[in-house]
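Only one structure is covered here, and it is reproduced in the block below.
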Amino acid sequence: METFLFQFLNVEIAKAALPQLLIGLKTTLILSFIVVPLGVLGGIAISVLQDLRIRSLNMLLITYIDFFRAFPPLVLLIFIYYGLPFLGFETSSMQAVVLALVFNTSAYFAEVVRAGIESVPRGQVEAARATGLGTAQTMRWVVLPQAVRNVLPDLMSNVLESIKLTSIASVVTMPELLRMARVAQGNMFNTTPLIMAALMYLMLLWPLVRLITTIERRSLKARG
């Protein structure tokens, strides 16, 4: 037991590693605040364009969604950061991570928002158009608010996954939480920094999990 506590729950190691981990946590939060909004907006834009029902455009969008949902985000990140320079495109680690994660998450968000748009009765769209609203106005004021409300729990779950996905930034030496924990673990020859990083992820994501549960319960209650 004493050996376990020394290796995994060492208070002295925790105190020494805390400043390093807080730097990593800050980077993880910055990444999340960049990637999640861009992913959501990208997903909404793709879904709205799909709703225009232009055959050739839809084929391109479906290809985009299928490709980035199927392509491993870690491999995509490695290709952008290490592969693009051979083609003459240099990216910083932050740019590479944001690009890889936005491509990946926007594809997932697009599927969720599309399901929301399809859940809105077409009669409401026709009624809105009959009152004189244009296509963009109908989407902005009638369809999207209802679509987002209908799939809010799924959107929040995707937000959760997007934040967890930022941990892959460690492979391009970006100093996010997991990277800093691994560096501290290597320097101190102790696993406590990894346990601390796991607890920080838990503290960051637990409120979101509870929020999703609350939203789901309210949605079920509203539907009777």
Side-chain angles (χ1 to χ4, degrees), residues 14 17-47 64-65 67-85 87 89-113 148 151-187 191-212 215:
L18 185 58
Q20 208 168 349
L21 294 184
L22 288 177
I23 293 172
L25 179 61
K26 181 182 175 184
T27 305
T28 293
L29 288 173
I30 291 172
L31 259 181
S32 301
F33 279 118
I34 295 173
V35 168
V36 170
L38 288 178
V40 172
L41 289 174
I44 290 175
I46 292 168
S47 302
Y64 175 94
I65 292 170
F67 179 81
F68 286 112
R69 288 180 70 198
F71 203 81
L74 180 60
V75 179
L76 178 62
L77 173 59
I78 291 172
F79 173 75
I80 291 174
Y81 188 68
Y82 294 107
L84 285 187
L87 300 175
F89 299 100
E90 293 280 352
T91 58
S92 66
S93 57
M94 172 66 90
Q95 290 169 335
V97 172
V98 169
L99 282 174
L101 294 186
V102 169
F103 283 141
N104 177 266
T105 57
S106 62
Y108 280 94
F109 280 120
E111 283 296 272
V112 174
V113 176
V148 170
V151 295
L152 197 52
D154 293 330
L155 279 175
M156 294 298 295
S157 293
N158 272 17
V159 168
L160 204 66
E161 291 302 317
S162 301
I163 294 173
K164 285 193 285 187
L165 202 56
T166 59
S167 62
I168 69 171
S170 62
V171 302
V172 292
T173 66
M174 194 168 177
E176 51 72 58
L177 182 54
L178 181 60
R179 163 94 182 152
M180 298 305 275
R182 291 172 63 186
V183 170
Q185 178 203 11
N187 291 339
T191 316
T192 302
L194 284 179
I195 302 298
M196 292 173 67
L199 291 175
M200 286 181 175
Y201 275 116
L202 195 63
M203 290 168 64
L204 179 64
L205 298 176
W206 184 272
L208 278 178
V209 172
R210 295 308 310 160
L211 179 61
I212 291 170
I215 291 172

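Predicted model, so just to flag it, every value in this text is computed and none were measured. Numbers here simply count residues along the sequence, with the first being 1.
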With sequence neighbours excluded, what pairs up with S106 under the side chain to side chain contact (heavy atoms under 4.5 Å, CB included) test?
-> I46, Y64
Residues passing the side chain to side chain contact (heavy atoms under 4.5 Å, CB included) test with A96, sequence neighbours excluded, are L77, I80, Y81, T91
Taking atom [atom1] of [X] and atom [atom2] of [Y], what is their separation to the nearest 0.5 Å?
X: I195; Y: Q185; atom1: CD1; atom2: CD; answer: 9.5 Å
X: L194; Y: R182; atom1: CG; atom2: CZ; answer: 8.0 Å
X: L99; Y: F89; atom1: CG; atom2: CZ; answer: 12.0 Å
X: M196; Y: M180; atom1: CE; atom2: CE; answer: 12.0 Å
X: I163; Y: L177; atom1: CD1; atom2: CG; answer: 12.5 Å
X: S167; Y: L165; atom1: OG; atom2: CG; answer: 6.5 Å

Could you go through the side-chain contact (heavy atoms from CB on, under 4.5 Å) check for L160 and L205 one step at a time?
-> CA-CA 7 Å; L160 204 66; L205 298 176; 3.8 Å; yes
Qualifying residue, where the test is ring-ring contact (aromatic ring centres under 6.0 Å, His included) with F103 and the options are F109, F67, F68 | F68
side-chain contact (heavy atoms from CB on, under 4.5 Å) with I168: of L101, V75, V97, I78, only one passes, and it is L101
Quick check: closest heavy atoms across [X] and [Y], and the distance to 0.1 Å?
X: A184; Y: A17; result: CB-CB, 4.2 Å
X: T105; Y: S162; result: CG2-OG, 3.3 Å
X: P153; Y: I215; result: CG-CG2, 3.7 Å
X: S170; Y: L178; result: OG-CD2, 4.2 Å
X: A110; Y: S47; result: O-OG, 2.8 Å

Under-4.0 Å salt bridge between E176 and R179 | no
[Y] side chain reached by [X] side chain, heavy atoms, under 4.5 Å:
X: F71; Y: N104; answer: no
X: V151; Y: E111; answer: no
X: M200; Y: T28; answer: no

Any donor-acceptor pair under 3.5 Å linking the side chain of T166 with the backbone of L31?
-> no
N/O donor-acceptor pair under 3.5 Å between T192 side chain and A14 backbone | no
Counting heavy atoms not belonging to F33, are there more than 12 under 6.0 Å from its CZ?
-> no
Give the intermediate values and the outcome of side-chain contact (heavy atoms from CB on, under 4.5 Å) for residues M156 and V112.
-> CA-CA 10 Å; M156 294 298 295; V112 174; over 6 Å; no
